[in-house]
Structure formats: structure tokens, C-alpha cells
Protein chains: 2
Amino acid sequence: MTETAPRPTLEAVAARAGVSRATASRVVNGGDGVRRPLAERVLQAVEELGYVPNQAARSLVTKRHDAVAVVIAEPETRVFADPFFGLQLRGISKELTAHDTQLVLLLTEGRDDHARVGRYLAGGHVDGALVFSLHLDDPLPGLIQRAGVPTVFGGRPGWSDGTHGIAYVDSDNRGGAREAVRHLAGLGRTRIGHITGALDQTSAADRLDGYRDVVGDADPRLIAESDFTPAGGERAMRELLENRPGLDAVFAANDLTASGALRVLRERGLRVPEDVAVVGFDDMLPVAEQTDPPLTTVRQNIEEMGRLMARLLLRGLDRDDPEEGADDTPRSIVLPTTLVRRASA
Amino acid sequence: MTETAPRPTLEAVAARAGVSRATASRVVNGGDGVRRPLAERVLQAVEELGYVPNQAARSLVTKRHDAVAVVIAEPETRVFADPFFGLQLRGISKELTAHDTQLVLLLTEGRDDHARVGRYLAGGHVDGALVFSLHLDDPLPGLIQRAGVPTVFGGRPGWSDGTHGIAYVDSDNRGGAREAVRHLAGLGRTRIGHITGALDQTSAADRLDGYRDVVGDADPRLIAESDFTPAGGERAMRELLENRPGLDAVFAANDLTASGALRVLRERGLRVPEDVAVVGFDDMLPVAEQTDPPLTTVRQNIEEMGRLMARLLLRGLDRDDPEEGADDTPRSIVLPTTLVRRASA
DNA sequence: GTGAAAGCGCTAACAA
DNA sequence: TTGTTAGCGCTTTCAC
């Protein structure tokens, strides 16, 4: 833990290059309108001195921070138990890096933390925010709106006043669910159950809707509410088996849930897919490929979602003069899903 | 994406409270030596105006950023496939939050990124760095050292010149491995194999050492080199079974590897633990509890490791006058592990 | 095309 | 205890 050596300033670079600070600044920031020889001398001085701009000083005048916040508002347990967030982070990180923008990670642990996040966002420390995993009753969107920070949401936000003007990136959860259930139906299955995700999240609600789109007015006993976890999947599967012993297929709201369901099925001596076919959602590789049997599932390109969230945000940030009305940037993006066939259905 | 409204400055707060900017500043920063009534007026003005300090301006003069970089230098695939990093991030985030410090996440994708990270760290944008997942030949430590940023490593760094003066937090990998192997021996197993992790990481090397500590001069055919992944675990298990069909126990370098090994064992019709007992490492809940049979494993407190890394770093940062020599803060911490018995051994 | 100078919002001497 | 003042390092008019 050595003390940082005093770093060279732009002043030093200018002196060394024999130019004014203003010129040095111009070169460092792209060098428009500076004649070649001068520019080169500055660049060389930068090189020799190992000059790196002081971001604080720069922000102070530009009011830009070249940093965006990533807010993950998920109760302790689920975050990262599931590789989901990690993959999104990857995608986000790649895109931000390509635009020389830093990623400030804000993890929240509960209600108290919301205020902290709100304060931080309102504090104008970042140029924008990427927000994940909102639940229906989440106070965060309100705080963020009040903070007035440009924001892109991960997953369609679910509050009642609709999604007008809100930017988000999501997978086509409903369409993917339809495809999954149609696939099961195409296999000749007629009593197809559904294990839902946490229904206070739109992804779960949309998948349920997709299921209903295909099966029509489903027997309510064919639907078991769950929470996206393996343990929840086990519980739901038992419930389904109890209420509707004859079922011959299950569409689970995600792969983790499906893995729990598979375990229960095996424990009960039911063969997959012969007795009960199972389809998951996500195509979370470490899960879907490792289950026994490997899981047929609906793939969503999670990393791409992250990348697009970042891109959408940065694009909005770039329009330095965001004239009301003259706004033709798409506010939201819904990505297609694809069915990946493995052995479970 | 609304434009941020102009934010109130300290000047505005001071004016409203009828004091000087200096006094307002004092109050905002803890309020030492400001008389009650004045302080209260300032606080009220802050409240009314919704004032939040401009961090850029503050950093410019204090040279502190109240931000720490977390560098995860892991090839795309493994990060977050494994909940490991997520858990550490949690721990880190909690500790940093408690100290009003922001977490800047730096994910690297390959060699080129190292330079970027080096530049960022050298750029003096953060007060310190928390660095993970170094491999033996990693250029990052060098870059970081040159950047002169206070750093704490996650996991014992492995470069040749020893760990003198380097701060790190690690689990007692060697001791944990010993305990695992002793447990197997205590079960009466005599032909205990080991599936290693990626041996260019000290955690893997240390676990192998621990294994050797107990079995003595092991038959080399009892050791299969692997890489911490489930697929690697499968490969290694097959290799072990081929080279040493009579083995009756396996200690795998982590739970993911163990899960791969279990799959191969099942596929070969070998019963666990009757024919072959298996012990993992990590106690990664979503993995260890979900395998069939559930995994006996060595638990390390990953979140706590993260928390301690952050604490170590912040403590070093707090010593505003880091006198050489007069340094009694512990440089590194090695956390104990505990054996968790489940059904696999 | 280039330089001089003002000033972003804040903290920290120093004076009062 | 409080206020005055200088200046952190940079970008950006505005003259030249």
C-alpha cells in the first residue's frame, strides 16, 4: 500500500511540448483543429510523462462522468446463485468498456439500501443507470425517476402506469413460453403443467401468459406457483404431482426450477421424458447441460441483453441535446428466444 | 432520459443558511467545531435544497475518491458460471457500503484488457483495488504494482518472489484439503484419488499439497489434473477410473468438478459413497446441495473473504500517514475452513 | 490554429 | 468558532 506518486498534470504536458494548456487539452481530447506537428509533440509529451487525465477535474467542468451505475436490487440469496446477473454484467461491461465508460456496481440488500441508492443516483455521480430485477412493489423506480438519471431497465418494468417512455431490454418471455409449450404439445402431450417463477416479476408473469396462450383455459391444478429457485421447483413439482397425478409434461419458468422438478420426478420413479417431458427457460448452460437428463429449454441471450442495455443507455447519453419530441431512438428492445432441444423433452 | 436539473451547490446552501461556504462545508463533513445553531441552520438548508456534495469537486481537492476498483481477471467462461465471484462481490459490497465507498467493477476479457485496467488504476481514479483470480503468469500484478495503487488480492498470489509485503485474503486451502482427505481415510478408504483444479492458481496447488500431506507419496495415477469445471471433472474422473480402477475415494478440488465426477461415477454404475466416496471443496450451496447424492465438502466462507478484503484495504487507506515500518496492520488473512458432511462421503 | 483567462464546486490554510 | 482566500486540474469561451 504505497502512497501514490504525484501524477503529471496537463500543465506539465503542455510545458514539455512547448504549447499552452489549452492546446494540450485539445490534443488529449481528440485533437480537432490542432496542426499536426504540434499535436505530435503533445502526444509525445503525454507518452513520456505517462500522463493520464484527472477525471475529477474533467468531470467538474464537463459535468460528465463517463461512468454508469448498475443497480442490482435482488435479495441476497438469489443474486449470483444464478449465473444470470454475471452474464448480464459481462455484456454490460464489454459495451461500456468499448465506450470508455466505467461501471459502478450498486448491490442492494433491502429496503434501507434503496434510500442509499436513490441518494447516490441523485447525487449526480454517474451519467446514467442500468437497473435490474425489479419487483412489482419496488420503490426503486420512483426514486430513480425523481433522481432524474437516464435509466434503462433490465426486464420489462411492471408498474401499473404502463411502460410509456421507459427504456428497457427484455427477452420475449411470452413468445418463448409459447414455443416451449407448443413443443410439448407437438410431442403429443396433453396434460401440460406449468411451474411459475416469482410472479411479482414480469418475466414470470409473461411466461405464465405464454403458457396460457397455448393451453387455453388451463386446469388451475396444472399451475403451481414458485419462485425461480431449485427448492421452489421441487416444492411445486410435488404439488403438481399431488394435484394432477396424470400430467405428462411440465414447462418450468426457468432452468433452476426445472432442475428441482427433475429431481422430484426421479425420486418418484418417473422417467423423463417418457413419463413426463420437461422444458425449462434460460438455457443457463451450467445448469441445463448438467441435469439428468440434459434440459430442453428456451434460450435467451443474456449477455446480449446486457450489452444492449448499455448501448441503449449510452446512445441516449450521446444525444447531447435531447430535444423533446424529436426522439427517434427506440426506447426499448425485446429480444427473440430460441428453443434448444436436449433430452428432457 | 431527462436532462438532470442543475443541482444546488454548497454556495447555495451557505447563502440560504446565512453562513460562509467554509462553515457549510464543515457541517456537511461532520460538523466539528461549528456551533449548534449554525450547524442546524446549515443542515436545514441542505435538507430543503436537497443538496448532495459534488464528488468530483471534492475529489479534486482531497485527492480521495471514496471508490475502490474490483478487478476480476478471469476468462469469460468461468466467471459467474460459478457463484464464487458473486458471493465475494456481495461481501465486498457490504463492507464498502458501510464505509460510504463505491465499487467500480473492472472485468477483463483477455490480454488487451490488462493494459486498460493498468491505465485505469494508474489514472488515480480510485483509492485502492481488490484483485481476483490471478494466474501464475498474469501480468496484472506487475501493472498494479507500477500503478502504485493500494491493493488487496483475493487468494494468495503465486509469483515467485514470495508474498512479502503483499496483502491478500485466502482460505486455508491446504488445511481444508487435509481435512477432506483425512475424512476419507477415516472412512477406511485406502485408494484416495485427487482431481486437481487449474494448477496455475495457488488455490489448486495448495489443495494438491494438502492432499499430498495426508496420503504421502501418492501413486501418480491417483492424481488427475483438471480445471475447476464440471466438464473437466468428468474428464478427470474417467482418467482416474481408467488408470486406477480400484480407487475407492476421490477428493475433488471444488464442487463443480466433483459434480462432474459424480456424473461419471453414476454413468459407470458405481455407487456413491459405497463404491467411491467423494468430497468436494467450496460448499457452493446451489451445487453441493443439489448433486445426487448431496456432496460432502469443505466449506469456505466466501462472502466473508470478500468482506475482509474490503476491510483490509479500507484500513490501509485510513492510515492517512502510512509511515514505513510503523506498520502493524496484518498484511494478510487466511480463513479457516470446515468440513460439511452430506451423503457423498 | 493557438493562447490567455475564467471558472467548474469544493476543501483547507490562514486570519480574524 | 467563523469567514476569506487560494487553488485542486481541467475545459472552454474569447481574443488574437
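The chains referred to below are lettered A, B, ... by the order of the sequence lines, with proteins before strands, and numbering in each begins at 1.
At whole-Å resolution of the value, CZ in Arg64(A) and C1' in dC8(C) are 16 Å apart. When the P atom of dG7(D) is taken as reference, atom CG of Leu60(A) falls 17 Å away, rounded to whole Å. When rounded to the nearest whole Å, the span between NE2 of His65(B) and P of dT11(C) equals 14 Å. Atoms CG (Leu38(B)) and P (dT2(D)) sit 4 Å apart, rounded to a whole Å. Spacing between atom CZ of Arg35(A) and atom C1' of dT2(C) amounts to 9 Å, rounded to whole angstrom units. Nucleotide dA5(C) holds its P atom 13 Å from the CD atom of Glu11(A), rounded to whole Å. Protein atom CG of Asn29(A) is 11 Å distant from nucleotide atom C1' of dT12(D), rounded to whole Å.
Residues passing the side-chain hydrogen bond (donor to acceptor under 3.5 Å, both in side chains) test with Glu48(A), sequence neighbours excluded: Arg16(A), Gln44(A).
Looking at heavy atoms from C-beta onward, Arg7(B) lies in side-chain contact with Val52(B) at the 4.5 angstrom threshold. No side-chain heavy atom of Ser332(A) sits less than 4.5 Å from a side-chain heavy atom of Asp170(A).
Salt-bridge check for Arg311(B) with Glu95(B): passed, with a basic side-chain N closer than 4.0 Å to an acidic carboxylate O. Between Glu11(B) and Arg21(B), at least one side-chain nitrogen of the basic residue sits less than 4.0 Å from a carboxylate oxygen of the acidic one, meeting the salt-bridge criterion.
Looking at which nucleotide of DNA chain C each of Arg36(A) and Leu10(B) is closest to, the 5′-most match is held by Arg36(A). For the pair Val61(B) and Ala39(B), nearest-nucleotide mapping onto DNA chain D gives the more 5' position to Ala39(B).
Contact check, Arg58(B) against dT11(C): a side-chain N or O comes under 4.0 Å of OP1 or OP2. In this structure, Asn54(B) does not reach the dC8(C) phosphate: none of its side-chain N or O atoms is under 4.0 Å from OP1 or OP2. Contact between the side-chain N/O atoms of Lys63(A) and the OP1/OP2 oxygens of dG9(C) is found at a separation under 4.0 Å.
Looking at residues 17-26 of chain A, you'll see Arg21(A), Ala22(A), Ser25(A), Arg26(A) sit with a heavy atom under 4.0 Å from some atom of DNA chain D.
Looking only at atom types and distance, the side chain of Arg307(B) has no donor-acceptor partner in the side chain of Asn301(B) under 3.5 Å away.
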Would you sort out whether His125(B) and Val104(B) count as a side chain to side chain contact (heavy atoms under 4.5 Å, CB included), showing the intermediate values? CA-CA 10 Å; His125(B) 302 302; Val104(B) 178; over 6 Å; no
